[in-house]
2 protein chains.
Amino acid sequence: MADGYHHGNLRAAVLERAAEVIEREGPYSFSLRSLAADLGVSHTAPRHHFGSREGVLNALAVEGFRDLAARLRADREAGGGFLEAGVEYVRFATDRPAHFQVMFAPTLLGEGDEELEAAREAAFAELQGGVRSLAEEGRPVEDGAAAVVAGWAIVHGIATLALTGNLDRSGVRRLFEDTDLLTITRRSAGLLFGPVSGPSGGVPGTGSG
Amino acid sequence: MADGYHHGNLRAAVLERAAEVIEREGPYSFSLRSLAADLGVSHTAPRHHFGSREGVLNALAVEGFRDLAARLRADREAGGGFLEAGVEYVRFATDRPAHFQVMFAPTLLGEGDEELEAAREAAFAELQGGVRSLAEEGRPVEDGAAAVVAGWAIVHGIATLALTGNLDRSGVRRLFEDTDLLTITRRSAGLLFGPVSGPSGGVPGTGSG
DNA sequence: CCGGAAACTTACCGGCGTACAGTTCGAGTC
DNA sequence: GACTCGAACTGTACGCCGGTAAGTTTCCGG
């Protein structure tokens with residue numbers, strides 16, 4: 001494969017390295033040229049596989065949406081329930097921070113990429129399906145639409161704040177001492193759709209007056 | 001002031017235009033050179049006021065943190081309660097989307113800027129103060145640390161998802177028909193720290209969709 | 001052995017951020 | 001009114017960047 005002229009596996013190598021760079025320095029300083037130089041190919045080589053810089057980011061987003069959808073699906077099939085799906089969402093964000101950033105930053109991506117649209121829709125379908133399963137958990141969902149937004153927003157918010165370092169920077173993280181981020185997620189999201197047991201663990205204000 | 005050579009108010013003009021560009025095209029395509037050309041000055045003129053491209057973004061972030069802190073403070077002094085503080089957070093994000101983006105994207109900003117650190121800390125202090133005021137609303141807060149994270153995350157998540165267009169793109173927005181984003185915020189965050197059934201800040205008629 | 005397609009190269013363009021050495025202008029000073 | 005000084009702004013130059021075009025190398029099916 002790698003014969004000195006043909007890299008042999010350039011597409012995968014570019015995606016992997018791009019994710020590393022973006023994770024370390026953010027999407028702004030990610031450059032095709034320095035990436036290509038690192039991989040020992042000319043700066044136009046990646047263009048053959050991705051078309052453009054935007055194409056690389058699109059491909060990362062596709063990877064990300066597919067992985068996220070697969071994780072949510074697996075979680076649902078394992079009967080993890082909604083809370084664990086939310087935890088999985090945050091776990092995905094911390095496992096693949098570069099993908100997560102790119103997926104939700106539309107100004108980095110191009111429009112009209114069918115592969116991307118399909119991957120995104122599939123992931124979003126899993127997301128909403130997860131929230132709808134709340135009803136099947138025997139929990140009363142009075143305002144279903146609000147529950148979808150609240151569930152998504154709380155895990156997306158935790159993921160975003162953690163990834164941007166603002167949880168640490170704000171001192172909020174210190175309130176938890178050494179607690180793991182996923183545990184923090186469970187406790188926080190649990191306030192919304194808390195563990196059924198325990199009178200105070202559920203949604204405040206719904207049970208008592 | 002503006003004598004053909006000296007712009008007279010370049011600093012403010014740059015910040016205003018930068019916010020417009022970032023709001024429209026995101027922080028990644030924002031360029032000092034095109035900005036300067038738009039304002040009719042040489043491309044090195046902004047450097048005198050901001051030092052670098054990063055300096056412009058830092059200045060935007062400072063503006064943003066100060067505005068956010070002022071809004072939260074005003075809201076607290078008006079006795080709005082926590083839920084309304086959260087709504088104000090989302091309102092800020094939609095009012096000043098460029099500032100919001102830059103404030104929470106540390107890879108766009110420099111480190112060690114004292115003005116920025118001070119503005120950020122002040123805003124974060126207001127945020128945490130708002131959540132602590134929950135106790136004063138007569139609501140039992142069993143896991144205070146989790147409540148802080150949950151409250152911040154849910155409004156930050158809504159703001160982020162809305163600003164990146166993912167609320168619309170995912171179809172979630174459609175569940176609410178023509179409902180205003182701030183109302184969506186009230187209903188969703190209300191699931192966490194539900195509307196006080198008393199007179200203080202409750203939003204009547206937001207249940208059941 | 002051959003021809004086409006895929007993978008990759010070199011050469012080039014304009015735009016970008018930044019550095020540095022000037023230039024213009026208002027305001028204060030004698 | 002000339003002199004100075006600092007703030008604001010200009011012009012030029014450098015290297016990196018993404019994108020384009022034309023050419024080269026290698027693989028592979030016939």
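Each chain gets a letter, A, B and so on, in the order the sequences are listed, and its residues count up from 1. Everything numeric in this text was worked out from a predicted model, so none of it was measured.
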Enquirer: Which nucleotide in the set C:dG17, D:dG11, D:dG19 lies at the smallest distance from any side-chain heavy atom of A:Ser52?
Expert: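 Given the options C:dG17, D:dG11, D:dG19, the side chain of A:Ser52 is closest to D:dG19.
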Enquirer: Determine whether B:Arg53 and B:Leu57 make a side-chain contact, defined as any pair of heavy atoms from C-beta on separated by less than 4.5 Å.
Expert: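 Side-chain contact under 4.5 Å: yes.
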Enquirer: I'd like to know if A:His43 reaches the base of D:dG19 with its side chain such that a donor and an acceptor end up less than 3.5 angstrom apart.
Expert: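 Between D:dG19 and A:His43, which were checked side chain against base, a qualifying N/O pair under 3.5 Å is present.
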Enquirer: Around A:Glu117, counting heavy atoms of other residues, nucleotides and ligands shown, do more than 12 lie under 6.0 Å from its CD?
Expert: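 More than 12 within 6.0 Å, yes.
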Enquirer: Hey, are A:Arg66 and A:Glu115 close enough for a salt bridge, meaning a charged N less than 4.0 Å from a carboxylate O?
Expert: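 Counted as a salt bridge, because a side-chain N and a carboxylate O are separated by less than 4.0 Å.
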Enquirer: Mind telling me whether B:Phe100 and B:Phe104 have parallel, tilted or perpendicular rings, with 30° and 60° as the class edges?
Expert: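 Because their plane-to-plane angle lies in the 30° to 60° range, the rings of B:Phe104 and B:Phe100 count as tilted.
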Enquirer: How many Å lie between CG on A:Asp38 and C1' on D:dC17, as a whole number?
Expert: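 A:Asp38 atom CG is separated from D:dC17 atom C1' by 15 Å.
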Enquirer: Does a nitrogen or oxygen in the side chain of A:His48 sit under 4.0 Å from OP1 or OP2 of C:dA7?
Expert: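 Yes, such a contact exists.
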Enquirer: Does atom CD (A:Glu25) have a neighbourhood of more than 12 heavy atoms from anything else shown, all under 6.0 Å?
Expert: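 Above 12, so yes.
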Enquirer: Quick one: do A:Asp75 and A:Arg71 make a salt bridge, cutoff under 4.0 Å?
Expert: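 Salt bridge between A:Asp75 and A:Arg71, a charged N being under 4.0 Å from a carboxylate O: no.
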Enquirer: So that I can tick it off, tell me whether B:Glu84 and B:Arg186 are bridged by a salt bridge, with the cut-off set at under 4.0 angstrom between side-chain N and carboxylate O.
Expert: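 Looking at B:Glu84 together with B:Arg186, the answer is yes, because their closest N to O distance falls below 4.0 Å.
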Enquirer: Taking the side chain of B:Leu32 as its heavy atoms from C-beta onward, which of C:dG17, D:dA7, C:dT10 lies nearest to it?
Expert: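 So the nucleotide nearest the side chain must be C:dG17.
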Enquirer: In whole Å, what is the span from the CZ atom of A:Arg53 to the C1' atom of D:dC17?
Expert: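 Result: 9 Å.
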Enquirer: Does D:dC17 have OP1 or OP2 under 4.0 Å away from a side-chain N or O of A:Ser31?
Expert: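 Checking A:Ser31 against D:dC17: at least one side-chain N or O falls below 4.0 Å of OP1 or OP2.
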Enquirer: Please state how far atom CZ in B:Phe50 lies from atom P in C:dG17, giving the value in whole angstrom units.
Expert: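 Computing the B:Phe50:CZ to C:dG17:P distance gives 14 Å.
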Enquirer: Rounding to an integer number of Å, can you tell me how far B:Leu39 CG sits from D:dT10 P?
Expert: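 B:Leu39 atom CG is separated from D:dT10 atom P by 11 Å.
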Enquirer: So, does the side chain of B:Thr44 form a donor-acceptor pair with the base of D:dG11 at under 3.5 Å?
Expert: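 Indeed there is one.
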Enquirer: Please report, rounded to the nearest Å, how far the C1' atom of C:dA6 is from the NE2 atom of A:His49.
Expert: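 Result: 9 Å.
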Enquirer: Would you write out the dot-bracket form of DNA chain C, 5' to 3', with Watson-Crick and G-U pairs under 3.5 Å, [ ] for crossing pairs, | for pairs to other strands and . for unpaired bases?
Expert: ||||||||||||||||||||||||||||||
Enquirer: Please tell me which of the listed nucleotides, C:dT18, D:dC9, D:dG19, lies nearest to the side chain of B:Leu10?
Expert: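 Minimum distance to the B:Leu10 side chain belongs to D:dC9.
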Enquirer: Ignoring hydrogens and angles, does a donor from either the side chain of A:Arg33 or the base of D:dG18 sit under 3.5 Å from an acceptor on the other?
Expert: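 Yes.
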Enquirer: Of the listed nucleotides (D:dC9, C:dA6, C:dT9), which one gets closest to any side-chain atom of A:Ala45?
Expert: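 Comparing D:dC9, C:dA6, C:dT9 against the side chain of A:Ala45, the answer is C:dT9.
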Enquirer: Nearest to the side chain of A:Ser34, which nucleotide is it out of D:dC17, D:dA7, C:dC8?
Expert: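 The answer is D:dC17, which lies nearest to the side chain.
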Enquirer: Roughly, in whole Å, what's the span from CG in B:Leu57 to P in C:dG17?
Expert: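 Rounding to the nearest Å, CG of B:Leu57 and P of C:dG17 are 10 Å apart.
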Enquirer: Would you say that A:Ile158 contacts A:Tyr89 through its side chain, given a criterion of any heavy-atom pair below 4.5 Å between the two side chains?
Expert: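 A side-chain contact under 4.5 Å is absent here.
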Enquirer: Let me know the distance between CG of B:Leu108 and P of C:dG17, rounded to the nearest Å.
Expert: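 Answer to the nearest Å: 13 Å.
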Enquirer: Rounded to the nearest angstrom, tell me the gap between atom NE2 in B:His7 and atom C1' in D:dA7.
Expert: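 Atom-to-atom, B:His7 to D:dA7, this comes out as 16 Å.
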